[in-house]
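Quick notes on the structure that follows.
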Amino acid sequence: MDNQTHFGFKTVDESEKAGKVAEVFHSVAQKYDVMNDLMSGGLHRVWKHFTLTTSGVRAGDKVLDIAGGTGDLARGWAKRVGKSGEVWLTDINSSMLTVGRDRLLDEGLILPVSLADAEKLPFPDNYFNAVSVAFGLRNMTHKDAALKEMFRVLKPGGKLFVLEFSKVWKPLSPFYDFYSFKALPVMGKLVANDADSYQYLAESIRMHPDQETLKQMMLDAGFGRVDYHNMTGGVVALHKGVKF
Ligand SMILES: C[S@@+](CC[C@H](N)C(=O)[O-])C[C@H]1O[C@@H](n2cnc3c(N)ncnc32)[C@H](O)[C@@H]1O
C-alpha cells in the first residue's frame, strides 16, 4: 500500500493526492482571480505586494515562480527584473497556467511559461537568483522534495520566498474558523458553483505546517538564514531562506 497523506481533512494514498488537487484547480481556474479578491477582501494583493517589495530582486535577475497559477507574482517579478531579466511562470495545472498566460498576454507581457511539477523541476542547477511559491506549497504531496528542488535550481546566494497560509493568532481563530468553514464554501458555491473546492481550501490551510515547522523544513532542505514574517495576524506568513 502507498504511504498516506492529507487531502484537506481526508487521509488518502500519496499517489491520489496530486490528481485530487488537479481536480480542484481545473474546476476553479476560470473564477480563481475573482474568488481570490472576494475571499480575501483584496488582501492577497497586499501580501503579494509585500513579497515583491521586500524581496531585494533587482533588474537583470532570473526568477522562477512555482505554482504560479494566474500569474500575479510572475507579473510583479517581470516589472522588477525588467528587459534584462528572466521570469518563468510555471504550474502543474494546465487550466491555471492557461488563464495566467492569457492574462499576461492581454497585458502585453510575454513570459516563458512551463507546465512543471515543483517536485521535479525542469531547470538546471544553480540557475535562478530567486524562486517564489505563493499559496502552492500547501497543495504539494512531497513538500520536502519540492523544497529540495527549489534549493537545487537557485544560484548560491539565491533566495526562496514561500508565501502561504499559516497558523493564525489564537484570539482570532474562532472568527477565522467561522469564516473559513461557514462562509467560504457558501461563497464558493454562489460564485464558482463549487463548494467542495473551497471546503478543501479551508481544510488544507489547517493541515499545513505552522510557521516554525515550515522554517525547520526549509532548514532541512539546506536553506540558511531562514526567517518568516506574519501578516494579518498569521493568516499568512512569508518565509524567506537563502542558498549559501
Ligand atoms: C492557490 S493556487 C496559487 C496560485 C498563485 N501562486 C497565486 O498566489 O495566486 C495553487 C497552485 O498550486 C499549483 N500546484 C499544486 N501542486 C503543484 C505542484 N506539485 N507543482 C506545481 N504547482 C502545483 C496548483 O495547480 C495551483 O495553480
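Both backbone and side-chain heavy atoms feed into the values below; hydrogens, waters and symmetry mates do not. Ligands are counted one by one from 1 in listed order, and the atoms in each one are counted from 1 as well.
Scanning the protein heavy atoms around atom 12 (O) of ligand 1, the nearest turns out to be Ala67 CB, 3.3 Å. Ala118 N, 2.9 Å is the protein heavy atom nearest to atom 20 (N) of ligand 1. Summary of contacts: the protein heavy atom closest to atom 24 (C) of ligand 1 is Asp91 OD1, 3.4 Å. Among all non-hydrogen protein atoms, the one lying nearest atom 17 (C) of ligand 1 is Ile92 CG2, 3.5 Å.
Each of the atoms 3 (C), 5 (C), 6 (N), 7 (C), 8 (O) of ligand 1 lies under 4.0 Å from some heavy atom of Ala134. Below 4.0 Å from some heavy atom of Met96 lie the following atoms of ligand 1, by number and element: 27 (O). If you number the atoms of ligand 1 from 1 as listed, the ones under 4.0 Å from a heavy atom of Asp117 come out as 18 (C), 19 (N), 20 (N). Close contacts of ligand 1 with Gly68, meaning ligand atoms under 4.0 Å from a residue heavy atom, involve 5 (C), 6 (N). Near Asn139, the atoms of ligand 1 lying under 4.0 angstrom from a non-hydrogen atom of the residue are 10 (C), 15 (C).
The side-chain hydrogen bond (donor to acceptor under 3.5 Å, both in side chains) test with Glu164 singles out one residue from His208, Arg138, Gln211, and that residue is Arg138.
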Only distances under 3.5 Å count here; give the side-chain donor-acceptor pairs of residues 108-116 to other protein atoms, sequence neighbours excluded, each with its distance to 0.1 Å.
none

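Counting heavy atoms of neighbouring residues, nucleotides and ligands inside a 6.0 Å radius, atom CZ of Phe181 exceeds 12 of them. For NZ of Lys240, the number of neighbouring non-hydrogen atoms (other residues, nucleotides, ligands) closer than 6.0 Å is greater than 12.
Interatomic distance, CZ of Phe50 versus CG of Leu163, reported as 10.0 Å (0.5 Å rounding). Note that CD of Glu212 is 7.0 Å distant from CG of Asp210, once rounded to the nearest 0.5 Å. Atom CZ in Phe7 sits 12.5 Å away from atom CE in Met207 (nearest 0.5 Å).
Comparing Phe25, Tyr32, Phe135 against atom 9 (O) of ligand 1, the shortest heavy-atom distance belongs to Tyr32. For the residues Gly136, Ser132, Ala116, Ser94, the heavy atom positioned nearest atom 21 (C) of ligand 1 is part of Ala116.
In this structure, Lys48 counts as a contact residue of ligand 1, since one of its heavy atoms falls inside 4.0 Å of the ligand. Contact analysis puts Met140 in contact with ligand 1, with a non-hydrogen atom separation below 4.0 angstrom. Using a non-hydrogen distance threshold of 4.0 Å, Thr70 does not register as a contact of ligand 1.
Of all heavy-atom pairs between Ala237 and Ser166, the closest is CB-CB, 3.8 Å.
A ring-centre distance under 6.0 Å is found for Phe123 and Trp88. Taking the six-membered ring where the residue is Trp, the centroids of Phe135 and His44 are separated by 6.0 Å or more.
Any N or O atom pair closer than 3.5 Å counts here, and Val21 shares no such pair with ligand 1.
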